[in-house]
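Here is the structure we will look at.
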Amino acid sequence: MGLRAWLVVLCSVISLHGQTAQPTNYVVGPQDILTVTSFDQEDLSGKYPVDSDGTFTFPLIGRVKAGGLTLRELEAELKSMLKDGFFKDPQLSVGVEQYRSQKIHIVGEVRNPGTYPLTGDMNLIEAIARAGSTMPTASGEALIVRAKPGKPTQGPILPNGDDTEVTTVDLKALQSGALSQNLALRDGDMIFVPRAESVYVFGQVKNPGAYAIQKSTTVLQALSLAGGVNERGATNRIKIVRIEQGKTVEVKVKLTDLVRPGDTIMVPERFF
């Protein structure tokens, strides 16, 4: 299964099963909508939006500061406040109905670039799936740009020297099962999927034109992208027109040779 199809399947699974399991270390922020489930008093259960100052109003207690607390810390705080004159041993849980305070930004060669809420323990695979998967023109890499610790994360983060760090992820390795490439995302991260570089294939091939290539693409693989050599093509006399040090040169190549971005592959006609 190709990377694009694999991500589409994952996106469907996410849609069918809803949000991933909510981590207890998620930090609540303004505009999040919390779900509080009380096992002692049903009337206390409900959805509670967090205001811009990081607080929300809870029955019996009044204003509760949630911003900056993890879900488990907020649970403990509510239990402590309810113990003070209301319940002997209150039992409740806190979850997130809508994640709005933390965001990531996905740009480049994806079907639906934009800003997305950072939900739970979101990782790179989930983020690209939510953006509709990569385009056929995408390279085999993704760049994760994030602010260094202590730096602000307001709005999209761009590489600008000392304030940011950039991690390159091999999407093909990730597809092959290298889960170490499936990085956990943080608030404010920008994911950039660059466009693949191209080669040009002309001559005796079925579909001449420009084609996006990945690293380690061979002449044979490039020809396959162009539909393969037709019945009149001479595979033993293929040459590449290449720019080297500002000069145009012709290089005779074998099918197993690697191509370079910007190469023009020429497939001549057979003599007989």
Side-chain angles (χ1 to χ4, degrees), residues 3-4 6-35 49-50 52 54 66-71 95-135 137-175 178-195:
L3 178 60
R4 175 185 164 194
W6 180 60
L7 290 171
V8 169
V9 170
L10 178 59
C11 190
S12 299
V13 171
I14 292 172
S15 298
L16 287 172
H17 294 280
Q19 297 174 333
T20 54
Q22 297 181 353
T24 58
N25 61 351
Y26 176 78
V27 178
V28 178
Q31 300 183 25
D32 283 340
I33 298 180
L34 304 175
T35 299
V50 180
S52 58
L69 299 180
T70 66
L71 295 179
V96 181
E97 172 71 17
Q98 293 185 31
Y99 295 85
R100 293 182 176 176
S101 64
Q102 299 188 23
K103 297 178 175 63
I104 57 172
H105 313 277
I106 308 175
V107 297
E109 299 302 300
V110 294
R111 297 189 176 278
N112 300 300
T115 298
Y116 291 85
L118 178 64
T119 58
D121 284 332
M122 181 182 281
N123 53 42
L124 180 60
I125 291 177
E126 295 174 22
I128 294 179
R130 290 185 185 277
S133 82
T134 56
M135 299 282 285
T137 52
S139 72
E141 296 180 336
L143 305 181
I144 299 178
V145 184
R146 67 173 43 144
K148 290 184 177 179
K151 301 297 181 180
T153 58
Q154 296 295 327
I157 297 173
L158 301 176
N160 61 346
D162 296 336
D163 290 342
T164 60
E165 55 188 22
V166 180
T167 302
T168 301
V169 175
D170 187 335
L171 294 178
K172 286 191 171 294
L174 180 56
Q175 176 192 1
L179 295 181
S180 61
Q181 300 287 307
N182 192 23
L183 301 184
L185 301 178
R186 301 177 187 171
D187 181 28
D189 280 356
M190 184 186 76
I191 301 167
F192 172 54
V193 179
R195 178 182 290 268

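Model, not experiment: these values are computed from the prediction.
Put simply, CD on Glu141 and OG1 on Thr134 are 13.0 Å apart, with the number rounded to the nearest 0.5 Å. Rounded to the nearest 0.5 Å, atoms CD (Gln102) and CG (Asp187) are 4.5 Å apart. From Arg130, atom CZ reaches atom CD1 of Ile106 across 9.5 Å, with rounding to the nearest 0.5 Å. Taken from CG in Leu185 to CD1 in Ile144, the straight-line distance is 5.5 Å, to the nearest 0.5 Å.
The side chain to side chain contact (heavy atoms under 4.5 Å, CB included) check on Asn182 picks up Asn123, Leu124, Ile125, Leu174, with sequence neighbours excluded.
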Under the criterion side chain to side chain contact (heavy atoms under 4.5 Å, CB included), I'd like the reasoning laid out for Val96 against Leu34: C-alpha separation, chi angles, the key distance, then a yes or no. CA-CA 4 Å; Val96 181; Leu34 304 175; 4.3 Å; yes

Test Met190 against Val107 for side chain to side chain contact (heavy atoms under 4.5 Å, CB included), laying out the working first. CA-CA 8 Å; Met190 184 186 76; Val107 297; 4.1 Å; yes

Given the rule in the side chain to side chain contact (heavy atoms under 4.5 Å, CB included) test, do Val169 and Leu143 qualify, once you have shown the distances and angles that lead to the verdict? CA-CA 6 Å; Val169 175; Leu143 305 181; over 6 Å; no

For Thr70 and Tyr26, run side chain to side chain contact (heavy atoms under 4.5 Å, CB included): C-alpha distance rounded to whole Å, both residues' side-chain angles, the deciding distance at 0.1 Å, then the answer. CA-CA 5 Å; Thr70 66; Tyr26 176 78; over 6 Å; no

Quick one: do Thr137 and Glu109 satisfy side chain to side chain donor-acceptor pair (under 3.5 Å)? Show the steps, please. CA-CA 7 Å; Thr137 52; Glu109 299 302 300; 2.5 Å; yes

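Between Ala138 and Val193, the shortest heavy-atom contact is CB-CG1, 3.7 Å. When every heavy atom of Glu126 is checked against every heavy atom of Met122, the shortest pair comes out as OE1-CA, 3.6 Å. Minimum interatomic distance between Ala127 and Ile191 (heavy atoms only, all atoms of both residues): CB-CD1, 3.7 Å. The two residues His105 and Gly188 come nearest to each other via the heavy atoms CD2-O, 3.9 Å.
Two residues are said to be in side-chain contact when any heavy atoms from C-beta on lie closer than 4.5 Å; Leu71 and Val28 meet this criterion. Counting heavy atoms from C-beta on, the side chains of Leu69 and Val27 never come closer than 4.5 Å.
Side chain of Gln181 to main chain of Ala173: no donor-acceptor pair is present (N/O by atom type, distance under 3.5 Å, no hydrogens or angles).
A salt bridge is absent between Arg100 and Asp32; no separation between the charged side-chain nitrogens and carboxylate oxygens falls under 4.0 Å.
Side-chain contact check for Ser101 and Gln31: no donor-acceptor pair (N or O, by modelled atom type) lies under 3.5 Å.
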